[in-house]
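For reference, the structure discussed in these notes is given below.
Note on naming: letters A, B, ... go to the chains in the order of the sequence lines (proteins, then strands), and numbering restarts at 1 for each one. The figures that follow rest on heavy atoms only: side chains count, while hydrogens, waters and symmetry mates do not. Everything numeric here is computed off the predicted structure, so don't read it as measured data.
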There are 2 protein chains.
Amino acid sequence: MAVPNPPTSRDVARLAGVSQTTVSYALTGRGTISAATRAHVLEVAASVGYRPNLAARSMRTRRTGRLAVVSGPTLDHQVRVLAGAGEVAAAAGYALETRTVDGTVEERTARVRELAAAGEHEGVLTLVPVLPDVLTDPAAPTGERPERTVVVAETTFDDHMRSVGDLADAGPVAEFVETLLAAGHRRFLHVAGSDQYASARARRDAYLAAVDRAAAGPATRDVVSLGVVGGTWSPEDARRAVHDLPSDAPPLAVVAANDLLAAGVLRGAAERGWSAPGDVVVTGWDAAEMGAYLTPSLTTVDVDFTEAGRRAMQRLVAAVRGEEPPPRGAAVARIVWRESTGPLPGHRPAR
Amino acid sequence: MAVPNPPTSRDVARLAGVSQTTVSYALTGRGTISAATRAHVLEVAASVGYRPNLAARSMRTRRTGRLAVVSGPTLDHQVRVLAGAGEVAAAAGYALETRTVDGTVEERTARVRELAAAGEHEGVLTLVPVLPDVLTDPAAPTGERPERTVVVAETTFDDHMRSVGDLADAGPVAEFVETLLAAGHRRFLHVAGSDQYASARARRDAYLAAVDRAAAGPATRDVVSLGVVGGTWSPEDARRAVHDLPSDAPPLAVVAANDLLAAGVLRGAAERGWSAPGDVVVTGWDAAEMGAYLTPSLTTVDVDFTEAGRRAMQRLVAAVRGEEPPPRGAAVARIVWRESTGPLPGHRPAR
DNA sequence: CTGAAAGCGCTTACAG
DNA sequence: CTGAAAGCGCTTACAG
């Protein structure tokens with residue numbers, strides 16, 4: 001029992017008593033066509049359930065209508081980024097394909113380069129760090145559609161190895177340090193993430209700068225940073241780093257690069273018999289759902305990953321269309337104060 | 001400065017001094033062609049960096065070479081499933097597109113139906129529960145390629161509202177109950193996940209069956225189940241459920257449907273002044289990374305989501321190709337005993 | 001074993 | 001405002 005072939009624009013043309021050209025004009029909105037003809041064609045098309053064959057259209061227009069997003073296999077917040085990116089891509093009429101890559105920055109860069117060279121996509125958005133030379137020059141002329149696959153990064157190494165990208169805003173780090181300082185804390189430590197990630201570098205640099213400022217401040221000559229430890233995203237390293245601290249380290253304020261590292265710090269502190277938030281206070285990042293249920297619950301930064309994904313995809317779509325990129329926009333991060341930072345003057349902890 | 005058009009099979013034919021037919025035969029492996037000619041064509045193709053235009057191929061073969069996977073916006077283990085699915089799809093030569101859907105089961109089903117009706121994909125794999133009528137009849141004749149988009153679920157409602165799918169294996173639940181029973185526990189509670197999910201239903205049913213068996217066992221007339229609470233994936237509900245327990249509930253063994261719920265239970269217990277694993281022991285599911293750093297660290301089920309994703313995609317690819325589906329295969333779940341279940345005879349807790 | 005020709009379903013100059 | 005015709009880059013009977 002053969003399924004009947006889906007109707008083509010030719011079928012619609014015959015049924016509507018017009019030419020295929022007219023059907024195309026009615027559907028694409030291009031060309032000149034009377035409103036009445038257009039309405040009629042659209043009605044006929046709908047009545048037979050006509051759907052344009054995208055492969056045929058693509059062949060003719062030399063435009064695939066497809067984008068790709070490249071993510072890493074591990075970081076779980078990337079699902080939310082993907083959701084936002086997918087939403088924008090769909091709204092813009094693009095199919096979005098997902099690839100996961102792994103390995104060193106060179107390997108990831110090679111995979112992205114390969115993907116772009118295959119020419120199956122009009123644009124590629126990478127959520128994982130890649131070397132800058134694979135990216136499409138952001139200074140490329142706007143106004144005309146690029147002829148080859150555009151590559152845009154949500155986060156990347158820029159020329160000065162500094163952060164770019166909506167997720168990399170490290171402002172909350174300064175607020176952590178300043179608030180804890182105001183609450184009487186004087187001894188600080190940073191547990192960093194992998195410095196292949198712009199976000200990790202930005203948080204580390206922001207921590208260093210904030211502690212420097214604190215040390216230069218009035219009546220705070222006793223501010224001391226125990227330095228930066230970690231340098232991976234592994235909570236096990238965070239736990240070990242706490243074990244490696246001198247026994248007179250507390251009272252200590254730890255700024256961790258994400259919630260998982262913060263959980264490692266909390267665990268390490270518990271293992272050493274240090275109370276939290278008594279002997280040690282900790283901040284995280286990402287608003288991982290479980291963090292609210294730790295004891296003590298984790299102070300963190302609630303990042304709107306979905307919105308970040310939307311914005312990154314908007315940049316890609318604009319680049320693919322040769323349009324002006326959208327403005328960077330305000331930070332999408334918000335601090336959530338919880339128990340792990342202890343009682344704070346002027347702050348009411350959330351659950 | 002115009003970029004030169006990428007070479008076509010016609011260009012390769014001219015350069016190689018053969019017909020386009022021969023180029024096609026050399027590339028696809030179809031048709032009859034001498035080994036020498038084939039090698040020559042392949043060499044020329046490689047030397048000019050020829051890549052077949054997939055849109056053109058697709059139009060001719062009426063096969064898009066594209067698959068879609070539908071996931072939910074929240075459950076973070078789905079990234080790992082996606083990674084496994086993507087790996088298999090890529091190896092089988094398919095492009096894999098990702099869609100996220102939300103809403104009620106009816107809404108999700110409608111979205112999947114729509115996606116399949118669009119005909120842009122040869123197959124759709126859904127990771128979120130949908131109603132069974134949208135799925136391709138698994139009893140469909142194999143041996144010939146289906147004419148329309150195949151829809152396969154990683155997990156689904158089947159006719160009897162029972163679990164199917166590699167992730168739904170509830171065997172570990174029985175092992176939890178039996179092991180805790182052997183360790184002397186007599187009072188049990190289950191914190192269930194959303195019953196829209198086959199996995200949640202399977203775990204709940206397995207819990208009920210295991211407790212029944214325990215109550216029917218020798219010398220265990222004092223086994224008592226405080227019932228099933230929860231019914232969402234929200235850790236807040238789990239926390240509240242603990243608050244709603246009578247104050248003489250402990251000693252209590254709680255089987256939670258996942259790690260996040262287990263964290264909610266732990267938090268609720270701490271708030272009531274119940275110690276863990278003294279007054280309350282808890283098990284989770286999913287091996288969420290943070291669970292190993294809670295105090296007490298969380299006993300859980302390590303699910304190989306990547307492998308589950310691979311298998312689901314293998315089923316889809318087989319269905320798309322009209323091949324026999326691969327065998328279901330053994331469970332991909334493994335219990336990791338940690339501190340939250342306390343000391344257990346014959347078990348050594350992992351970190 | 002190889003090639004000439006048709007055709008997949010669209011869009012787009014171009015002519016009327 | 002509308003239509004006839006060409007062509008995007010492949011694959012595949014079919015003929016030799």
Side-chain angles (χ1 to χ4, degrees), chain A residues 2-42 44-45 48-66 93 95 118-120 122 145 147, chain B residues 2-42 44-45 48-66 93 95 118-120 122 145 147:
Chain A
V3 177
N5 282 337
T8 68
S9 72
R10 206 149 162 277
D11 297 330
V12 174
R14 191 158 11 87
L15 257 37
V18 299
S19 75
Q20 225 180 337
T21 305
T22 300
V23 172
S24 179
Y25 285 164
L27 260 56
T28 62
R30 272 182 268 275
T32 51
I33 197 180
S34 79
T37 309
R38 172 153 222 265
H40 178 223
V41 169
L42 257 27
V44 172
V48 296
Y50 170 72
R51 292 166 187 276
N53 179 318
L54 267 29
R57 173 178 289 175
S58 160
M59 183 157 63
R60 191 54 241 235
T61 61
R62 297 173 149 287
R63 205 149 284 147
T64 63
R66 293 166 58 195
E120 297 175 33
E122 296 184 46
R145 306 186 74 110
E147 308 215 18
Chain B
V3 176
N5 282 338
T8 69
S9 71
R10 207 150 160 277
D11 297 330
V12 174
R14 191 159 10 86
L15 258 37
V18 299
S19 73
Q20 226 180 336
T21 305
T22 300
V23 172
S24 178
Y25 285 164
L27 259 56
T28 62
R30 271 183 268 275
T32 52
I33 196 180
S34 78
T37 309
R38 172 153 221 266
H40 177 224
V41 169
L42 257 29
V44 171
V48 296
Y50 170 71
R51 292 167 186 276
N53 179 318
L54 266 27
R57 173 179 288 175
S58 160
M59 183 158 60
R60 191 53 241 234
T61 60
R62 299 174 147 286
R63 206 149 284 149
T64 62
R66 292 166 58 197
E120 297 175 31
E122 296 183 49
R145 305 185 76 109
E147 308 216 18

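- Closest approach of A:Ala55 and B:Ser58 over heavy atoms only: CB-OG, 3.4 Å.
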Counting only pairs under 3.5 Å, give me each side-chain donor-acceptor contact of residues 24-32 of chain A, with atom names and distances, residues two or more places apart or in other chains.
residue	atom	partner	partner atom	Å
A:Thr28	OG1	A:Ser24	O	2.9
A:Thr28	OG1	A:Arg30	N	3.2

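- Checking C:dT2, D:dT2, D:dG9 against the side-chain heavy atoms of B:Ile33 singles out C:dT2 as nearest.
- Looking at every heavy atom in both residues, A:Ala118 comes nearest to B:Arg51 through CA-NH1, 3.5 Å.
- Looking at residues 13-20 of chain A, you'll see A:Val18, A:Ser19 sit with a heavy atom under 4.0 Å from some atom of DNA chain D.
- Under the rule for a side chain to side chain donor-acceptor pair (under 3.5 Å), the partners of B:Arg66 that lie at least two apart in sequence or sit in another chain are B:Glu97.
- Residue contacts for B:Thr32: at a heavy-atom cut-off of 4.0 Å it reaches a base atom on one of the strands shown.
- Listed candidates were D:dT11, C:dT2, C:dT11. Nearest to the side chain of A:Thr28 is C:dT11.
- Here A:Ser34 lies in heavy-atom contact (under 4.0 Å) with sugar-phosphate atoms only.
- Between the side chain of A:Thr64 and the backbone N or O of A:Glu120, at least one donor-acceptor pair lies under 3.5 Å.
- Taking every heavy atom of both residues into account, B:Glu122 and B:Gly65 meet most closely at OE2-N, 2.5 Å.
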Can you name the atoms? Protein N/O to nucleotides 13-16 of chain D N/O, anything below 3.5 Å, with the distance.
residue	atom	partner	partner atom	Å
D:dA13	N6	B:Tyr25	OH	3.4

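- C:dT2 atom P lies 18 Å from atom CZ of B:Arg30, rounded to whole Å.
- With B:Tyr50 as the partner, the side-chain contact (heavy atoms from CB on, under 4.5 Å) test is satisfied by one option alone out of B:Val41, B:Val12, B:Leu15, B:Leu42: B:Val12.
- Nucleic acid contact class of B:Thr8 (heavy atoms, under 4.0 Å, all strands): sugar-phosphate only.
- Contacts between residues 54-63 of chain B and DNA chain C, defined by a heavy-atom separation under 4.0 Å, are made by B:Met59, B:Arg60, B:Arg62.
- Inter-residue side-chain proximity for A:Arg14 and A:Asp11 is flagged as met; some heavy-atom pair is nearer than 4.5 Å.
- Contact record, B:Ala16 with B:His40: O-CE1, 3.1 Å, taken as the closest heavy-atom pair.
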* Structure fact -> Per-residue pairing states of DNA chain D in dot-bracket (Watson-Crick or G-U under 3.5 Å; . unpaired, | other strand) read |||.||||||||.|||
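- Counting to the nearest Å, the P atom of D:dC10 and the CG atom of B:Leu27 are 9 Å from each other.
- Taking atom CZ of residue B:Arg38 and atom P of nucleotide C:dT2, one finds them 12 Å apart after rounding to whole Å.
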